[in-house]
Amino acid sequence: MIIKRNLLCVKKENALDLGHLLLYRPYKNVLINFVALATEKSAIDFDPISRTFNGLESISEDMKHYYEALLGITSFYQHSQGGKGKYVEKKISSVIETCSMNIKLSELPMWLEYPELHRKKGILTQSGLTPEEKGVLRNIDWDWLGKEEETTDVGNLLSRNRLILIELKNRVDTGGTAGRREVWTKKFKTILELLATKTKLYAKEGKKYSLSELLEYFSVKNFEVYIGILFNVDGTPATKESDKQRGFFPSNAEGYRDLKNFLANNPTLKIIKENPEELLLDLALKESILNVTVGALYGNQIPKALFQQDYSISDLLLLRYDDMWLSQLFAIDERAFLLKNGKNCSINFRDLLKRDKDLRMKYDRLIMCECGESELLDITSYLLQKYPSVFEDDLIPKNKDKEQYLADMIQVLCATDA
């Protein structure tokens, strides 16, 4: 019995939500390149020095082609960064329309005035905006007067009067102790100093505004800034207890104490409530209705604070699809056969598509139904029954079942062609 893989790239792109599109496009690009590497000898060429350094001239003949394929495919994948950068921030920002990423102090008025445009620019980049949208952002009325810029990974506007900023760390060990402390002692301290000093940072129509005045202008009453630790080392949602076990919690606690000491000597920001166990500080700004919270969040606390929803951070970020591992392992096998025999199952299948209308129709149905299980079984059985000599045993890895190998080949090709 064949296994139907859970592939994102067989799905119809126009039916996917924004969160899945963030993976779909880079996944599709990688899969297309993997298939090219599996079917074109010239797609990877090691120069003599590289061949010598990597041992390609000294390895035994029976392993040589597989090892060369392994080097070539994995080297391409490791150097392919498309789509990986800022994935976490983009995925979190895609959850609800009021959430955005890459929140710069200088762009706060843009975000507060045009939240949907700011979000779209962050997720899709400038190239994802229409000419009209680009024009709106170019002609924004607000001027930036500040000198110290700070950027926070993600933020959300809840009910228009609650603004939340979160600086993210992917794992409890990301950035080490120095990275943690810098968030508290530099980023948080800078933001709080700007709130307290009333320094004029923005101007609109001849009037100047401090950070707190800007927030008041946009009716923000609650301003919250957090450091958020997403995952434990084993991939489960981060917890304070796991952070302590890994030895990084003290850096959070040290940053908390340092910030508290800074605030103790600040006449404008007053500590209303402190919780050293949870690393939370509630503050009041003198002569202002603004309430301020600074603190640390772990794992599932992050979406709870950011969206006021009980999302699992694992379900939110860890979309489990088979595209990457399946296509990479398949490409290694196929390229090894290509280097050894000058042909492989993928090349043979694509050649048959040119010659067999019935096969083309079956393949088209498979693509249109997003690789349905019955259609996959139908086309795999068709190949085995009609073309047993084309897909000979010498083109199938010795440790793999022929039917499943052909089914995986078809699914990978389907994901690139869909």
Side-chain angles (χ1 to χ4, degrees), residues 89 93 96-123 125-126 129-167 183 186-226 259 262-263 265-272 281-294 305-306:
E89 293 89 333
S93 300
I96 60 176
E97 293 182 355
T98 54
C99 195
S100 195
M101 60 174 284
N102 202 34
I103 312 296
K104 297 180 179 179
L105 284 180
S106 62
E107 294 183 356
L108 268 181
M110 179 200 298
W111 178 35
L112 294 167
E113 196 153 305
Y114 303 106
E116 292 181 10
L117 275 186
H118 187 279
R119 172 178 181 258
K120 187 175 180 182
K121 181 172 78 76
I123 296 174
T125 73
Q126 189 82 4
L129 301 180
T130 66
E132 294 76 17
E133 290 169 336
K134 292 176 184 177
V136 169
L137 298 184
R138 280 196 305 269
N139 292 294
I140 191 167
D141 292 333
W142 292 89
D143 298 329
W144 166 245
L145 309 176
K147 296 179 181 179
E148 280 196 274
E149 180 72 285
E150 283 293 347
T151 303
T152 311
D153 289 328
V154 294
N156 195 18
L157 297 165
L158 284 169
S159 306
R160 294 295 300 182
N161 66 4
R162 184 180 176 191
L163 187 152
I164 300 173
L165 302 177
I166 302 182
E167 182 70 11
V183 174
K186 185 179 183 298
K187 191 179 297 288
F188 289 179
K189 191 177 289 186
T190 297
I191 293 172
L192 293 179
E193 279 182 328
L194 291 173
L195 273 176
T197 59
K198 303 291 186 179
T199 301
K200 302 300 181 181
L201 301 178
Y202 311 95
K204 178 182 179 182
E205 298 173 352
K207 186 174 180 180
K208 297 179 179 180
Y209 299 82
S210 66
L211 177 55
S212 61
E213 289 167 342
L214 179 81
L215 297 175
E216 185 177 343
Y217 177 92
F218 284 100
S219 303
V220 175
K221 297 179 180 177
N222 298 284
F223 180 60
E224 303 173 30
V225 187
Y226 301 102
L259 193 65
F262 158 74
L263 291 167
N265 299 315
N266 191 297
T268 309
L269 277 168
K270 181 181 178 182
I271 298 176
I272 302 300
L281 289 168
D282 290 331
L283 315 172
L285 185 62
K286 187 178 179 181
E287 298 178 359
S288 172
I289 61 171
L290 189 67
N291 298 308
V292 181
T293 300
V294 185
L306 196 59

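FYI, the numbering just counts along the sequence from 1.
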Checklist entry - Side-chain contact, heavy-atom cut-off 4.5 Å: Leu290 with Glu216? => result no

Next on the checklist: I'd like to check Asn222 versus Thr293 (side-chain heavy atoms, cut-off strictly below 4.5 Å). Are they in contact?
Outcome noted: no

Checklist entry - Are any non-hydrogen side-chain atoms of Leu281 and Leu263 less than 4.5 angstrom apart? => result yes

Next on the checklist: Please find the pair of heavy atoms, one from Leu285 and one from Ser212, that lie closest to each other, and give the distance.
Outcome noted: CD2-CB, 3.5 Å

Checklist entry - Run the side-chain hydrogen bond (donor to acceptor under 3.5 Å, both in side chains) check on Asn161 and Ser219 step by step: do they pass? => result CA-CA 6 Å; Asn161 66 4; Ser219 303; over 6 Å; no

Checklist entry - Could you give the distance from NZ (Lys186) to NZ (Lys189), rounded to the nearest 0.5 Å? => result 11.5 Å

Item to check | Rounded distance (nearest 0.5 Å) linking atom NZ of Lys200 with atom CG of Leu214 | outcome: 11.0 Å

Item to check | Worked check of side chain to side chain contact (heavy atoms under 4.5 Å, CB included) between Lys121 and Glu107 | outcome: CA-CA 12 Å; Lys121 181 172 78 76; Glu107 294 183 356; 3.8 Å; yes

Next on the checklist: Are more than 12 heavy atoms, taken from residues, nucleotides or ligands other than Lys134, located less than 6.0 Å from that residue's NZ atom?
Outcome noted: yes

Checklist entry - For the side chain of Glu97 and the backbone of Glu116, is there at least one donor-acceptor N/O pair under 3.5 Å apart? => result no

Item to check | Atom pair CG (Leu215) and CG (Leu112), whose distance is rounded to the nearest 0.5 Å | outcome: 7.0 Å

Checklist entry - To the nearest 0.5 Å, how far apart are CD in Glu89 and CD1 in Ile123? => result 11.0 Å

Checklist entry - Run the side chain to side chain contact (heavy atoms under 4.5 Å, CB included) check on Leu108 and Leu211 step by step: do they pass? => result CA-CA 9 Å; Leu108 268 181; Leu211 177 55; 3.6 Å; yes

Next on the checklist: Between Phe223 and Leu165, is the side chain to side chain contact (heavy atoms under 4.5 Å, CB included) condition met? List the steps.
Outcome noted: CA-CA 8 Å; Phe223 180 60; Leu165 302 177; 3.9 Å; yes

Item to check | Residues Glu213 and Lys198 bridged, charged N to O under 4.0 Å | outcome: no

Next on the checklist: Whether the side chain of Thr152 engages the backbone of Val154 through a donor-acceptor N/O pair (distance < 3.5 Å, no angle test) should be reported.
Outcome noted: no

Item to check | Sub-4.5 Å side-chain heavy-atom contact between Asp153 and Ile166 | outcome: no

Checklist entry - Got a donor-acceptor contact below 3.5 angstrom from the Asn266 side chain to the Thr268 backbone? => result yes

Checklist entry - Can you check whether Asp282 reaches Asn291 side chain to side chain, under 4.5 Å on heavy atoms? => result no

Item to check | Interatomic distance, Ile103 atom CD1 to Met101 atom CE [nearest 0.5 angstrom] | outcome: 8.5 Å

Item to check | Lys104 with Glu150: basic N within carboxylate O range, under 4.0 Å | outcome: no

Next on the checklist: What I want to check is whether the side chains of Ser106 and Glu149 have a donor and an acceptor closer together than 3.5 Å.
Outcome noted: yes

Next on the checklist: Salt bridge check, Glu224 against Arg162: does any charged N sit closer than 4.0 Å to a carboxylate O?
Outcome noted: yes

Item to check | Heavy-atom neighbours of Glu133 CD exceed 12 at 6.0 Å | outcome: yes

Item to check | Centroid-centroid distance, Trp142 to Tyr217, less than 6.0 Å | outcome: yes

Next on the checklist: Test side chain to side chain contact (heavy atoms under 4.5 Å, CB included) on Ile96 and Leu306; report intermediate values, then the result.
Outcome noted: CA-CA 10 Å; Ile96 60 176; Leu306 196 59; over 6 Å; no

Checklist outcome for this item: In Trp144, Tyr209, Phe218, the residue satisfying ring pair (Phe, Tyr, Trp, His ring centres under 6.0 Å) with Tyr202 is Trp144

Checklist entry - Given side chains that start at C-beta, do those of Lys270 and Lys286 come closer than 4.5 Å, heavy atoms only? => result no

